[in-house]
Amino acid sequence: MYIKIHKSEKSEVLAVCDEDIIGKTFEEKDLQLKISETFYKGEKKSEKEVLDLIENFDNINMVGKKSIKLALDNNIITQDSIIYIEGVPHAQIYSA
């Protein structure tokens, strides 16, 4: 999986993405999911490393079957949190 950290003055967002969908665009009805290298392609990490990072972020953007399964299996998200565009799962996590 790839992770990339985006920092602004007010927050940080952790982007997590499956390696095999980087650079692709998925469309369904009026929804579009663009998996841009600029946003998602940072460092490759193992599942354990991704889980360790997730614990330190309040805002997370995840996309891809492997990434979403990792989050589901570890009770980070629920099935209700996921949207599918052309069969590709995507979830955004915002914590207080």
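In what follows, residues are counted from 1 in the order of the sequence shown.
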Between the CD1 atom in Ile82 and the NE2 atom in His90, the distance rounded to the nearest 0.5 Å is 11.0 Å
Give, for atom CD1 of Ile3 and atom CG of Leu14, the distance between the pair rounded to the nearest 0.5 Å. 6.0 Å
Is there side-chain contact between Ile76 and Leu51, with heavy atoms separated by less than 4.5 Å? yes
Partners meeting salt bridge (charged side-chain N to carboxylate O under 4.0 Å, His left out) with Lys10 (sequence neighbours left out): none
Separation between OG of Ser46 and CE of Met1, rounded to the nearest 0.5 Å: 7.5 Å
Are side-chain heavy atoms of Glu12 and Phe57 found at a separation under 4.5 Å? yes
Side chain Asp18, main chain Lys65, donor-acceptor under 3.5 Å: yes
Apply the side-chain contact (heavy atoms from CB on, under 4.5 Å) test between Gln92 and each candidate in Asn61, Val13, Ile60; give the one that qualifies. Asn61
Can you tell if the side chain of Lys66 reaches within under 4.5 Å of the side chain of Ile68, non-hydrogen atoms only? no
Phe26 CZ to Leu31 CG distance, which is reported to the nearest 0.5 Å: 13.5 Å
To the nearest 0.5 angstrom, please state how far the CG atom of Asp58 sits from the CD1 atom of Ile93. 10.5 Å
Side-chain heavy-atom pair Val16, Tyr2 within 4.5 angstrom cut-off: no
Thr25 side chain near Ile35 side chain, heavy-atom distance below 4.5 Å: no
side-chain hydrogen bond (donor to acceptor under 3.5 Å, both in side chains) involving Glu86 - partner list, sequence neighbours excluded: none
Compare every heavy atom of Ser81 with every heavy atom of Ala91, then report the nearest pair and how far apart it is. CB-O, 3.7 Å
Do Glu55 and Leu53 pass the side-chain contact (heavy atoms from CB on, under 4.5 Å) test, and can you show the C-alpha distance, the side-chain angles, and the key distance before you say yes or no? CA-CA 5 Å; Glu55 292 178 9; Leu53 281 166; over 6 Å; no
Not counting sequence neighbours, which residues clear side-chain hydrogen bond (donor to acceptor under 3.5 Å, both in side chains) with Lys44? List them please. Glu19
Can you pull the side-chain hydrogen bond (donor to acceptor under 3.5 Å, both in side chains) pairs that have at least one residue in residues 28-38, sequence neighbours excluded? Glu27-Gln32
Under the salt bridge (charged side-chain N to carboxylate O under 4.0 Å, His left out) test, residues paired with Asp52 that sit two or more places apart: Lys48
Does Glu49 have any salt bridge (charged side-chain N to carboxylate O under 4.0 Å, His left out) partners at least two apart in sequence or in another chain, and if so, which? none
Distance in Å, Leu70 CG paired with Met62 CE, rounded so as to fall on 0.5 Å steps: 5.5 Å
